[in-house]
2 protein chains.
Amino acid sequence: MKVHFGDCLNVLPSLRIGSIDLTYVDPPFCTQRQHRLSTRDRTIEYSFDDRWKSLSEYGDFLSERLRVIHLALAPTGSLFFHCDKTASHIAKFLLDEIFGTANFRAEIIWHYKRWSNSARNLLPAHQTIFFYSKTDNYKFNTVLTDYSPTTNVDQILQRRTRDQSNKSVYDRDDNGNVVYNGTKKGVPLSDVWDIPFLNPKAKERTGYPTQKPVFLLQRIIELVTDPGDLVLDPFCGSGTTLVAAQSLMREAIGIDTSKEAVALTKKRLKQPVITESFLLKKGLKAYRNADETALSLLNGVPYVPVHRNNGVDAFLKSTYKGVPIPVRVQKHGESLSEAAAALRKAASSKNAHRMILIAIDDIPTLFPDPTIPDSVVVVNAPGLSIKRLLAQMELEDQSGCHAET
Amino acid sequence: MKVHFGDCLNVLPSLRIGSIDLTYVDPPFCTQRQHRLSTRDRTIEYSFDDRWKSLSEYGDFLSERLRVIHLALAPTGSLFFHCDKTASHIAKFLLDEIFGTANFRAEIIWHYKRWSNSARNLLPAHQTIFFYSKTDNYKFNTVLTDYSPTTNVDQILQRRTRDQSNKSVYDRDDNGNVVYNGTKKGVPLSDVWDIPFLNPKAKERTGYPTQKPVFLLQRIIELVTDPGDLVLDPFCGSGTTLVAAQSLMREAIGIDTSKEAVALTKKRLKQPVITESFLLKKGLKAYRNADETALSLLNGVPYVPVHRNNGVDAFLKSTYKGVPIPVRVQKHGESLSEAAAALRKAASSKNAHRMILIAIDDIPTLFPDPTIPDSVVVVNAPGLSIKRLLAQMELEDQSGCHAET
DNA sequence: AAAGTAAATGAATCAGTAA
DNA sequence: GTTACTGATTCATTTACTT
């Protein structure tokens, strides 16, 4: 783990290294802006300038450095070039020229979800990473992911053969039974990567602008290097690449033109903080609690579902006295007064004067005070109305029968 | 709906059209391959040649045509240019030059899942669509999607203010309660679109190579045009753009250099086959279809769903005078008396004395006799009850204000 | 007019704290 | 220990306004 201060254009040749296994390049994106950010305690401000006279000036800047970087790579080495839509086409031209079109391996899309107030456009939610190898003989570790739930796993395990017209068909043995053919391990990793954006509250955050998540770098490093290999980041910024390399037992060299960035990288390597994304581990499903069929009861009224609150299932888009109206659908096995209490408790701090509770069943309560406050309006689900109706009809029926006899 | 045979370079100027609202360009991607595919019955083989002497030859081909296409656009018009990683950088250069960098709106990633046995690489799972407008004053219909389940919906409805150090914080009233601030509608559509690849077994498939799903085109068309607008596809191929435009009540012009493609497009327009996605979308727009709504609305009462009956959606398992009770859920745009009539007509042969109609909306009737027979019991869906409640609350609110003055 | 600066915005996520 | 729920934070933003 070495961190150098200076411009990679000058630093790299002086290091005389020719056996880099992976270079991750995360240069300025040509945003024509000055980027600034501070640590949370506001003691240090980090910044870098991304303003250029022209596209060609930017292109020249990249071109010079990419040539030096190309030289430093081992024959089995790879380059990952991170950029966004503003200058990806320029980078692609240069990379094709320097590495050769034949060594262009993949265009990786890093897809994430973000907050923004965009109105008259699509919300930007991706960046691009170009993957080039130095030669045809490049190191690559196949990563397999799970099959999609819709995949007919049983069938893809079966042996295949060709019929008379040379069409590929699934094979059968003499008894007409399917024949299995070894095991399958999964689906190769795709070139679209859904990795959460570095969260505003994440501990991993250093205060350096444009910081990338460690997980993204870990995936790149694991894809094309083995433990002990050497990783280079010529624009190392906050040092994410080095932290990721360290966590995966790879060696790494970082270079940056900012003294603050170099200091930060060194500090991070001593005390690495890697946030374990709950979202990545558990997936979105872990957040879903409000039942979808339950919410479809609200059909016809505009509402926003709430997924993270045990008391409130949705807010109506209409407001009452300026406050959105919380809605709860009575849960299975829950009495109406219990439901009302849960709703009121969850809504108490929200200043709501009107709440709506959808009743789905008559459940006797064990609750000490079985009254429902005035602020909670109870609306019956049709199922409940019908149930009561049926009971009533049955009564009428019986009395009718009695009258006849 | 017009389909022209020929090269758009020659055909477009001869059409003398200057008010195209949307052009979708899906040219050869510079794959250096001859693309062939046949219809399932193998009677027709479609093919097009995508082999080029050099990148610059390909660039010249595009450049000439893009200039003509640019001229044909209305001032509020947009261009969507479909390509993949092999030549996206060339296209971007040309588009920046012809449309102006300032009119580059978005780089859309069409992400799909596809099976492949790619071994020493990532699985290609995306294509790129560049979105350019002719001017700053372009037509754009904001599309909103649902919030992520992890979103703190409670909080984003709250008003914000600035504290002493000018930091943005959530506001509280004098009692320490949160203050709400209007309503939210949802998240703007992102620039990464997860749309399934045209299924190998889809009915929608025509046998034309590189056929795109209709759903993809529908999304593009809805994003930047209104009904009645004019859509152009200068490389129309199998005619997907025209089929999508037709389904959304837009006019369209298609051009192709292949006689077979032109014939296929004309044939598809007469008998459009749109698989699932379209149905799915229509269903969503109409707030789900009756079956699903019926299912969830009846939750709690045992019932048997009925398919293929225009009047009855389900039968309750309970009986009245020995006859199962038919249930209908009021359809969208259907008045209650119309619904009751349909229900009674369908149930007449069933000898039913009691029917249940679930009301979902107040729709004024055009029906001669707007009465509902006694045998039909009307039960309100919660959505309707809430709608009426909201209207009532609004009235109270207003009268309250009057009383104060 | 173009360009540059200041202000407003927005939703996704994890860190805390409370239960 | 767990498991809720609340709140803070951003910003390779976007928009509005001023030079």
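Not measured: the values here are computed from a predicted model. Each chain gets a letter, A, B and so on, in the order its sequence line appears, and its residues count up from 1.
- Looking only at distances, no side-chain donor or acceptor of A:Q127 sits under 3.5 Å from a matching main-chain atom of A:W110.
- When the C1' atom is used for both D:dT13 and D:dT9, the distance is 14 Å, rounded to whole Å.
- No option in B:N103, B:L95, B:I108, B:L79 other than B:I108 meets the side chain to side chain contact (heavy atoms under 4.5 Å, CB included) test with B:F131.
- The listed nucleotides are D:dT9, D:dT13, D:dA12; the one nearest the side chain of A:S116 is D:dT13.
- A:D84 places its CG atom 11 Å from the P atom of D:dA12, with the value rounded to the nearest Å.
- When distances are taken from the side chain of A:N199 to each of D:dA12, D:dG7, C:dC14, the shortest belongs to C:dC14.
- Counting to the nearest Å, the P atom of C:dT9 and the OH atom of B:Y170 are 12 Å from each other.
- For A:P124, the listed nucleotide lying nearest its side chain is D:dT14; candidates were D:dT14, D:dA12, D:dT10.
- In this structure, A:D313 pairs ionically with A:K331, as a charged nitrogen and a carboxylate oxygen lie closer than 4.0 Å.
- Residues of residues 27-37 of chain A that place a heavy atom closer than 4.0 Å to DNA chain D, in numerical order, are A:P27, A:P28, A:F29, A:T31, A:R33, A:H35, A:L37.
- On the C1' atoms, D:dA12 is 22 Å away from C:dC14, given to the nearest whole Å.
- In terms of polar N and O atoms assigned as donor or acceptor, the side chain of B:R160 comes within less than 3.5 Å of the base of D:dT10 in a complementary pairing.
- A:D50 comes within contact range of at least one nucleobase, with a heavy-atom separation under 4.0 Å.
- Going from atom CD of A:Q127 over to atom P of D:dC11 covers 12 Å, rounded to whole Å.
- For B:R105 and B:F99, the positive end is not near the middle of the six-membered ring at less than 6.0 Å and at most 45° from its axis.
- Nucleotide D:dT10 holds its C1' atom 14 Å from the CG atom of A:L123, rounded to whole Å.
- No contact: A:Y112 has no heavy atom under 4.0 Å from any strand.
- Checked by distance alone, A:D26 brings a side-chain donor or acceptor within 3.5 Å of a matching partner on the base of D:dA12.
- Taking only distance into account, the side chain of A:R114 never meets the base of C:dG10 through a donor-acceptor pair shorter than 3.5 Å.
- In this structure, the CZ atom of A:R120 is 16 Å from the C1' atom of D:dA16, given to the nearest Å.
- The distance from atom CG of B:D84 to atom NE2 of B:H126, rounded to the nearest 0.5 Å, is 8.0 Å.
- Nearest-nucleotide positions on DNA chain C for B:G186 and A:K203 put B:G186 closer to the 5' end.
- For the pairing with A:I69, the side chain to side chain contact (heavy atoms under 4.5 Å, CB included) check across A:T23, A:I98, A:L62 returns one residue only, A:T23.
- Residues A:D233 and A:F235 are in side-chain contact: their nearest non-hydrogen atoms beyond the backbone lie under 4.5 Å apart.
- Atom C1' of nucleotide D:dA12 and atom CH2 of A:W115 are separated by 12 Å, given to the nearest angstrom.
- If you take NZ of A:K212 and P of D:dC11, they are 11 Å apart, rounded to a whole angstrom.
- Separation of atoms CD1 (A:I129) and OG (A:S88) is listed at 12.5 Å; rounding is to 0.5 Å.
- No engagement by A:K85 is indicated, since no non-hydrogen atom pair under 4.0 Å with the nucleic acid exists.
- The residue A:G207 sits apart from the nucleic acid: no heavy atom pair falls under 4.0 Å.
- Nucleotides of DNA chain C nearest to A:R51 and B:D146 differ in position, and the one nearer the 5' end is that of A:R51.
- The nearest whole Å value for the distance from the CG atom in A:N117 to the C1' atom in C:dA8 is 7 Å.
- Distance from the side chain of A:F197 is smallest for D:dC11 among the nucleotides D:dT6, D:dC11, C:dA11.
- With pairs defined as Watson-Crick or G-U wobble and both atom distances under 3.5 Å, the stems of at least three pairs that touch DNA chain D come out as C:2-8 with D:13-19, C:10-19 with D:2-11.
- In this structure a side-chain-to-backbone donor-acceptor pair under 3.5 Å is missing from A:R344 to A:M355.
- Atom name C1', nucleotides D:dC11 and D:dT15: the rounded distance is 13 Å, in whole Å.
- Aromatic ring orientation, A:F61 versus A:Y58: parallel (interplanar angle below 30°, classes split at 30° and 60°).
- With hydrogens and angles ignored, no donor-acceptor pair closer than 3.5 Å exists between the side chain of B:Q155 and the base of C:dA11.
- Under the 6.0 Å distance and 45° angle rule, B:K92 counts as a cation-pi partner of B:F104.
- Along DNA chain D, the nucleotide nearest A:K201 and the nucleotide nearest A:F48 are compared for position; the residue whose nucleotide lies closer to the 5' end is A:K201.
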